Structures are given as structure tokens and as C-alpha cells.
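So the structure is just underneath, and the comments pick up after that.
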Number of protein chains: 2
Amino acid sequence: MTCGPPFPSRRRLGARPMPGERPYHQAMAKRVTINDVAQAAGVSRQTVTRAINDMGEINEQTKQRVLEACQKLGYRPSRFARNLVVRKKTRAMGYLVASFRNPYFTEIAGDLLNAAAERGWHVVMASTETEDEPNALDMLSGQVDVFIGHFVQNDDALARASGGIPLVMLERPSSRPGMHSVEVDIREGVREAIQALRTKGARRIGMIDSSYSLRASPTYEPSPRRGYFEELVGGESTGMVVVGEESMAGGGRAFAELVATYPDMDAVLAFNDLMAIGAVQASHALGIEVPRQVKICGFDGLTLGEAVHPTLTTVSIDRHALVSSALDIADALAAADFGVLPPMRRTVRPHMLWRESA
Amino acid sequence: MTCGPPFPSRRRLGARPMPGERPYHQAMAKRVTINDVAQAAGVSRQTVTRAINDMGEINEQTKQRVLEACQKLGYRPSRFARNLVVRKKTRAMGYLVASFRNPYFTEIAGDLLNAAAERGWHVVMASTETEDEPNALDMLSGQVDVFIGHFVQNDDALARASGGIPLVMLERPSSRPGMHSVEVDIREGVREAIQALRTKGARRIGMIDSSYSLRASPTYEPSPRRGYFEELVGGESTGMVVVGEESMAGGGRAFAELVATYPDMDAVLAFNDLMAIGAVQASHALGIEVPRQVKICGFDGLTLGEAVHPTLTTVSIDRHALVSSALDIADALAAADFGVLPPMRRTVRPHMLWRESA
DNA sequence: GGTATGACCGTGAACGTTCACGGCATCTCC
DNA sequence: GGAGATGCCGTGAACGTTCACGGTCATACC
């Protein structure tokens, strides 16, 4: 039998709790380590390692014996201890999916996955829809070398939550070191859309803005798209904006309101495709013929736009260019061993995607 | 100056390479550790820890000095070392997304994220569309306690790749310990669909099968849905099956072929909603009125089915029940400290979702 | 002046694994 | 029968953190 410790109880986390101690918490199960397995199998640590990683230099029978011991004890190697010692080149990126309810983000995810695999990157994802951004960042900050995503929080909060890991921010300018960005020239997109609708004969153009579009503030504030719209549309279309929830249904309701308020409206630019599709559907219900009576133009270029009838004309954001620009930055970061670099910025230009609704 | 090592060069991974050594590989950059920072700031490890984790017991000026040193050296704490010592309860699950081109899987991802967050789980995701399954599994096996996904590989391959981490397989039976499953009663779904179409007056029912539906084999083999369809449909509909690529376009082509081959066909059951939507679109092009001339029924219950015109009638798989069953299993696994348990199996029953296309 | 208090900082140990060795048999070859 | 090769196994060290202490001052208090 063993005596007590020579000096006042310097017990560690995993140590066996003294009787009567830890009365309310469930005693934390002591982890089964490689040493336990080694002891059970009557061999050394290293032999266990050889068995579980089948590395050779081990007798087949011994191996089986070790493997059985693993099974019996329920041994599971610690990923942390393992990674601590091997230090492999991960090149893993974390992608924060802003929402799974808007196909825009999942389509980007798909494109990113493809392109990343081609360039030798691993991708892990987390959602910021349910989990708040700092949480998601914190959770993944241990696993990845760079973050990519449509971020919401302000720069300070991001810097704090990212744990020193560089960020590539999508559709948002970056200013400080360690944060980089791929922007979309929204103004140009809005300009093209308005011009396109005009050349198709539109006179009075309305707009559907989103009440919440990845903005941190809980109250509505006009999106940049609305800003550019109001700046550029002018003439008799001034002020024809309605705000709706960022979804198909929200787009539908906003469209109905727009039609009711401005009976002579002959074209609509929607905040995004999801809302535009809602508008197209609402037009059926309202007996409005698209594009003859009202032209509808979306924003994003979702493939989903092909599923509706009439198919959706839209300002397409080149997702391929978006993700490959982001990956360019990530590669540059990797080349610099993920140090803190001055902001890199890329911009992609959207373009009109002509389909049937305008 | 220091002398050489007392015994023949026992260099480690991170040591400075001797000149002439490692001639072709880029020298692996030595990691900046907490000790480097401590030295640079003229303090001890522990003080650095206190600074970066703001733990108190530290002078504000010292803290700033340490933080500056971190910044300057580009110090990034090792997640592995950190986790190794704290041993926190992670409860992280890995979700393998089968495809980002089929909204079915991304909708499940969204639901899973929501439900998992509610139950205190972290979720990391990887795609098996670009990366092969064993790779994805291997990559995440270090980060999570349980895997969930629509798996393709056979049980042996999965057992090998999962690194001893328990699996929850979606829509697939499990047989061996450590692998669990949530199945969908496909037969019941097909039965309901056929019966529903019949009560709506359908006589000659065709089916569109998928040429590839998460099956490992590269050649076509009939899906279970087709099997049940052929078993249950009988009568004058026997043999009316066409195979197409698993996409909207594939569904459209298959529909056209079906119509051409069986001119008196009055209803179609599609492998999934994606293909069914393709069929609905094709019907427009072919001048076929849905549901008057041909009724179309999908399978999955995507919200996307509401975007098409007419909206898609479908056999809906309750994704909420699916993921919450999976989470039940995950919770049970967590309660057992993620040991190897005998297979747990749940089943969810699909149900008809009446919309306009049938 | 002695003692308690508090603010701040440093040191050994531990987390669980793999790496680089060294060692001991046994076998092979001339 | 010695030298080398080969198969198999074990031991110290290292990975980079945090924890539990133990210090050292300066200040406060009686």
C-alpha cells in the first residue's frame, strides 16, 4: 500500500478524488491513457504506439494483444497530445457560414470547398447563424490557420475573438493589419441594374431593401445597396423603397406593399435573389405579369433563380472569383507563415445575368 | 558560445537545421512559443499566460509590455498544448456534408446547427463532395467526439478512417458497435406517394431514378426508392423507370425521356426534389400542364419546392426529427463518455406534403 | 518593530503522446 | 566463432501550455 503524499496534497485535475471530496459534481472520469493500455497489455508505451499506428517493428501477436487491451479499456488517443508532438502542416481554413437559409452562402461554401481542395487546403466550417460570431471564432481558432467569412462584428471584437489568426473578410473592407478583404463593387452592380432596367423601358423603379443584412445593429439601417440605389436612381423613382425581412416571404410582402403604394411602378430591384424570388411569386398571386407589367431584378446570381418561373434576372456576384480571390489571400498568408501582414484587398465586379424576369 | 551536443546530434523537429541539411525542403519555421515571448518581455512564462488570458495578478504595464512582445513576435498559443492541459469537455461533433449542390444536405446542416447549439454541442463541418470521405474523416477525427453524416464508404473503410470515433449514419442501417444510425422509412414514403397519386386519379405512374445517390459504386445500381417503387406500383405502371443524373437538369432530361417513351403517363415520382423540380421545369418547355396532364411528386420536402410554379408536392422527410434523433444518439454517446456502444437505431417516417404539382 | 495583508511574479510539475535512440536477443554468413 | 544484420522492445526527452504552489517585496496595522 502506498502512503500519502510527502507534502500537502498537490493533486492534479485527473487525480482520484479523495472520499468526500467533490460532493456535488460528478467525479471527472480519469482518462484512459496509453500507459494504462501498456500496463494492461504488459508492454511499454512505445509498443502501444506501434500497434495503434501500425508502424512495424512489432510482433503480430503483441500487436493483437495491445489492440485488444485498447478495446477493453476503451482507450482513445488524445488528439491534443498527438498533435502537440507531431506538428503537422495543417493549412486549414475556417469558413464561417453566415446563414444556411440563404443559398447564397451555401453556394459560396460549395465553391470554396471545391477551390480549396484544389489548392490543398482543408476547410472546416461553423455557422454564425445560431452561434454568435465570437463563439464560433473562438471554437475554431484552435483548429485553423486563417478565417474566411461574412463577418458581422466590428473590427475590435473580431480581433479579440480570432485569437490572432488572420481574417479574410468577404464583402467588407478591411483596414487593420491581420485583416484582409475581398469586396464586391456593389455600387457598380446597382448602377448596371438600374441602367439595364432603364434600357428595357422602366421608368419608375422601386427597391426592396433588407431589414437585416449581416449588420450587427439590431435596428434597421439602410444597406449600402439602398444607399447606392437612392444615389443613382434619381428622377421619378426617388424614394420608392420598402423594407422587408430577408427571406422569400419578406420579399413577397415588400413587393405587395410596393405595388400598392406605387401603382405605376414598372420595375423592382431587390436586395437579393431570395427576396426577388419572393417578389416573383407574389406577382403571381397579385395577377401581375412579369416582366411585361413589372420587371424584377435580383442581386446575387443564385442558381435557384433558374428554378422559378419566369427565371430571375439578376446582378450576379461571381462567387468563383470571390472565393478564388479569398484563396489568393490565404495562400499569400500561408507563404508568410500566417504572420501579421498589412491588409490585402481585392475587389470583384458583379455583372448582369439576363434571364426572363426583366 | 555553446559547444555542440555531448552525444551525436539528437536534434528535434523544430531545431535549426544544420547548413547543407534539408537541401530541398523549405526549412520549417521554428514556432514562437510562450518562452520566446517571456524572454522578449523579460518576464516568466506564467506572467505571459496571465497577460494573454487576462487572469489578474499582473501589473497593467507589464501586461502591455507582454502583449506588445506577442504582437511583435507573432506569437500564437498552441491550441494543442492548451487543450492538453486543461482537458475541457468539448462535446464537438463533426458533420460531413455530402453535397452543397443539393439543398437537402445544406438544409439538414442548418437544422443540425440549430438543434446542436440548443443542446450545447459544437459543430464543425467538412465536405465529402470534393474531399473523399476517409480524408475528411481523418482530418476531423482529431477535433470531434462523434461524426454525423450521410456516409458512402462501407463499414470497414469507415471504421478504419474514423479513428475510433463513434459514427451516426444518416439514412443507412448500422450493424456494428460504434456505429449508429437514423434511418428513414423509404418504403413507407414510396407507398404513400403511390397511393396519393392513385387517389388523385393517376393510372400510369413513371419514376425517375438517380444514377448516383450516395452510392459508393461507380456504376449505376437501382436505388432503394426504385426498388420499393417497382415492388409497390404494379399494374400497368410496371417498368416505367428512367435513370437520370442527380440534378435539376438530369431530372428534366429524364422527364422528357419518360414522356416520350410513355405518352399516356399521367404521374411521375422523382428520386428527389431536385430532380422533380427539373421535371416541373421541363414540363413547361414541353407544353405539358402540371398537374392537369401529369402529376409530379418529389421526395425530400425541400423548401425550394415552394419556389417553383406550380409548387412541388413531395414526400417530406422530417429533417427536424432526423437531426434530433441523431442528437439523441450523440447525447447518449456523450453520457457514456464516447465509448464503444452497441448500435443504436432510430427511424423517422416521411409524410406527404401536399402542394400544387399533384 | 513585528506581523499580517496584498500585489505581483517565478518555478517545478503535469497533461498524453511520439521521436530518437539504445539494447538485447536471434539469425546469417564466411 | 566473430562480425554483422535483423527483429523486437523499452527509456529519456521533447512538444507548449497551464496549474499549484512558493516566493519577494511594499504597505498597513497594532
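Below, read A as the first sequence line, B as the second, and so on, with proteins coming before strands; counting in each chain starts at 1. In this text, all values refer to a predicted model and were calculated from it rather than measured experimentally.
Remark: B:Pro343 pairs with B:Ser174 by the side chain to side chain contact (heavy atoms under 4.5 Å, CB included) rule, at least two apart or across chains. Remark: B:Arg172 engages B:Asp155 in a salt bridge (Lys or Arg N to Asp or Glu O under 4.0 Å) (not counting sequence neighbours).
Under the 4.0 Å criterion applied to side-chain N and carboxylate O atoms, B:Asp328 and B:Arg119 are assigned as salt-bridge partners.
Residues from residues 58-72 of chain A lying near DNA chain D, meaning a heavy-atom separation below 4.0 Å, are A:Ile58, A:Asn59, A:Thr62 in numerical order.
Applying the 4.0 Å criterion to OP1 and OP2 of D:dG10, one finds that A:Ser44 has a side-chain N or O inside that range. At D:dT17, none of the side-chain N or O atoms of B:Thr49 fall inside 4.0 Å of OP1 or OP2 (strictly under the cut-off). Between A:Asn53 and C:dT18, a side-chain N or O to OP1/OP2 separation shorter than 4.0 Å is present. Considering only side-chain N and O atoms, B:Thr47 lies under 4.0 angstrom from the phosphate OP1 or OP2 of C:dG10.
Checking side-chain atoms of A:His122 against main-chain N and O of A:Ala92 turns up no donor-acceptor pair under 3.5 Å. Using modelled atom types, no side-chain atom of A:Asn53 and backbone atom of A:Met55 make a donor-acceptor pair closer than 3.5 Å.
Atom CG of B:Leu84 is separated from atom C1' of D:dC19 by 13 Å (rounded to the nearest Å). The distance between atom CD1 of B:Ile34 and atom C1' of D:dG16, rounded to the nearest whole Å, is 8 Å. Look at CG on A:Asn35: it is 13 Å from P on C:dA14, rounded to the nearest Å. For the pair B:Phe80 CZ and C:dA14 P, the computed distance is 24 Å after rounding to whole Å. Atom CZ in B:Arg31 sits about 12 Å away from atom P in D:dC15, given to the nearest Å. When rounded to the nearest whole Å, the span between CZ of A:Arg82 and P of D:dT17 equals 21 Å. For the pair A:Gln46 CD and C:dC19 P, the interatomic distance rounds to 8 Å; values are reported in whole Å.
Annotation: side chain of B:Leu167 is in contact with side chain of B:Leu158 (closest heavy-atom distance under 4.5 Å).
Closest to the side chain of A:Arg50, from the set D:dC9, D:dG16, D:dC19, is D:dC9. Nearest to the side-chain atoms of A:Ile52 among the listed nucleotides D:dC19, C:dT18, D:dT17 stands C:dT18.
Within 6.0 Å of atom CD in A:Gln71, 12 or fewer heavy atoms from other residues, nucleotides or ligands are found, so the atom counts as exposed in its surroundings.
For the pair A:Thr33 and A:Glu57, nearest-nucleotide mapping onto DNA chain C gives the more 5' position to A:Thr33.
Applying the 3.5 Å distance criterion, the base of C:dG12 shares a donor-acceptor pair with the side chain of B:Arg45.
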